[in-house]
Amino acid sequence: MLEELKEKVCKANLDLVKHGLVIFTWGNVSAIDRASGLVVIKPSGVSYDDMKASDMVVVDLAGKVVEGGLRPSSDTPTHLVLYKAFPKIGGVVHTHSTYATAWAQAGVDIPNIGTTHADYFYHDIPCTRDMKKDEVFGEYEKETGNVIVERFRKMDPMDTPGVLVRNHGPFSWGKDADEAVHNAVVMEQVAKMAFISMSVEANATSILYLSMNRHLVEKHYSRKHGPDAYYGQKEPKPKEKY
């Protein structure tokens, strides 16, 4: 079942290691097959050194295991909330990458102060609010997804495909698992750049001291994602069939 998607999800999980975003088992990737409403996700606590496509777990949107002999990631309920709330996404990534997690632990949005950030994330990468006691001691992972969705109530998740969960770490998403990983890599890098920028500008009394011309934000985001985007190569036209 969903063998091709399992291969893609397994590779995406291994790519987290390749890009230095996870150590031990500190991360997970999932992808959804929208046609069937089934999600493929990394099994819980399985070493990346030993992980293979056949280990991937298939669950439905209610969290029921449909196929797989291992328990799915403990973060599965968070992924499922995001898939249900953000219908355009096809893949979700969670890591504890160093710099993005540091911003999450500080409870501060990653400011959009550079063109690298603006190329991928239109807004500041937002941080969620503190979770309440009943959320933490209730359905914790599901409520984690809910506070992410709450934070995006007035934002387009496709314009800014990532978030910091306060005191926890980053989540990112994309049209598929590969794009979600790509966005996770970029998020870690811009988190690092923003941290260094603040360190360089040691006289800044507030993160709000640093800013970027909004025209640059508009330009860099729209050249990749706008209706007249011109970054990269055009998709080849499909060959006509006779």
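Because the structure is a prediction, the values reported are computed rather than measured. Because only heavy atoms are used, hydrogens play no part in the values below, and waters and symmetry mates are left out as well, while side chains stay in.
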Checklist entry - Among pairs that include at least one residue of residues 40-49, which meet side chain to side chain donor-acceptor pair (under 3.5 Å), considering only residues two or more places apart or in two chains? => result none

Checklist entry - Are F195 and L21 in one and the same hydrophobic cluster, where Ile, Leu, Val, Met, Phe, Trp and Tyr link if side-chain heavy atoms are under 4.5 Å apart? => result no

Next on the checklist: List the residues meeting side-chain hydrogen bond (donor to acceptor under 3.5 Å, both in side chains) with E179, not counting sequence neighbours, and say none if there are none.
Outcome noted: none

Checklist outcome for this item: P111 and A194 have their tightest heavy-atom pair at CD-CB, 4.2 Å

Next on the checklist: Is the shortest side-chain heavy-atom distance between K11 and E7 below 4.5 Å?
Outcome noted: no

Next on the checklist: Restricting to side-chain hydrogen bond (donor to acceptor under 3.5 Å, both in side chains), what partner residues turn up for D75, sequence neighbours left out?
Outcome noted: N28

Checklist entry - Should I89 and V186 be regarded as members of a common hydrophobic cluster, given that ILVMFWY residues are connected when their side-chain heavy atoms come within less than 4.5 Å of each other, either directly or indirectly? => result no

Checklist entry - Would you say E135's side chain and K132's backbone share a donor-acceptor pair under 3.5 angstrom? => result yes

Item to check | V9 backbone acceptor or donor facing N13 side chain under 3.5 Å | outcome: yes

Item to check | Test salt bridge (Lys or Arg N to Asp or Glu O under 4.0 Å) applied to K8 and E4, step by step | outcome: CA-CA 6 Å; K8 290 179 178 179; E4 184 177 351; 3.5 Å; yes

Item to check | Residues which pass side-chain hydrogen bond (donor to acceptor under 3.5 Å, both in side chains) with N167, listed by chain and number, not counting sequence neighbours | outcome: none

Checklist outcome for this item: Residues P126 and V163: closest non-hydrogen pair is O-CG2, 3.4 Å

Item to check | Flag if over 12 foreign heavy atoms under 6.0 Å of CD, Q105 | outcome: yes

Checklist entry - Taking the inter-plane angle between the rings of F171 and H79 on a 0 to 90° scale, is it parallel (under 30°), tilted (30 to 60°) or perpendicular (over 60°)? => result perpendicular

Checklist entry - Hey, is E67 close enough to K6 for a salt bridge, meaning N to O under 4.0 Å? => result yes

Checklist entry - Are K192 and E188 within salt-bridge range, i.e. N to O under 4.0 Å? => result no

Checklist entry - Under 3.5 Å, side chain of T76 to main-chain N/O of S73, donor-acceptor pair present? => result yes

Item to check | Cluster overlap V65 with V40, hydrophobic side-chain contacts below 4.5 Å | outcome: yes

Item to check | Between T160 and Y120: side-chain donor-acceptor atoms closer than 3.5 Å | outcome: no

Item to check | Heavy-atom donor-acceptor pair, D109 side chain to D124 backbone, under 3.5 Å | outcome: no

Next on the checklist: Check for me, please, whether V200 and V108 land in the same ILVMFWY cluster - side-chain distances under 4.5 Å, paths through other members count.
Outcome noted: yes

Next on the checklist: Strictly distance-based, threshold 3.5 Å: is any side-chain N or O of N112 a donor or acceptor partner for the main-chain N or O of Y122?
Outcome noted: yes

Next on the checklist: Filter on ring pair (Phe, Tyr, Trp, His ring centres under 6.0 Å), then keep only pairs touching residues 144-166, sequence neighbours left out; what's left?
Outcome noted: F86-F152, F152-W173

Checklist entry - Looking at side-chain heavy atoms only, is the closest gap between P43 and M56 below 4.5 Å? => result yes

Checklist entry - Minimum heavy-atom separation for Y83 to S30, with atom names? => result OH-OG, 2.7 Å

Checklist entry - Quick one: side-chain hydrogen bond (donor to acceptor under 3.5 Å, both in side chains) partners of D156, sequence neighbours excluded? => result none

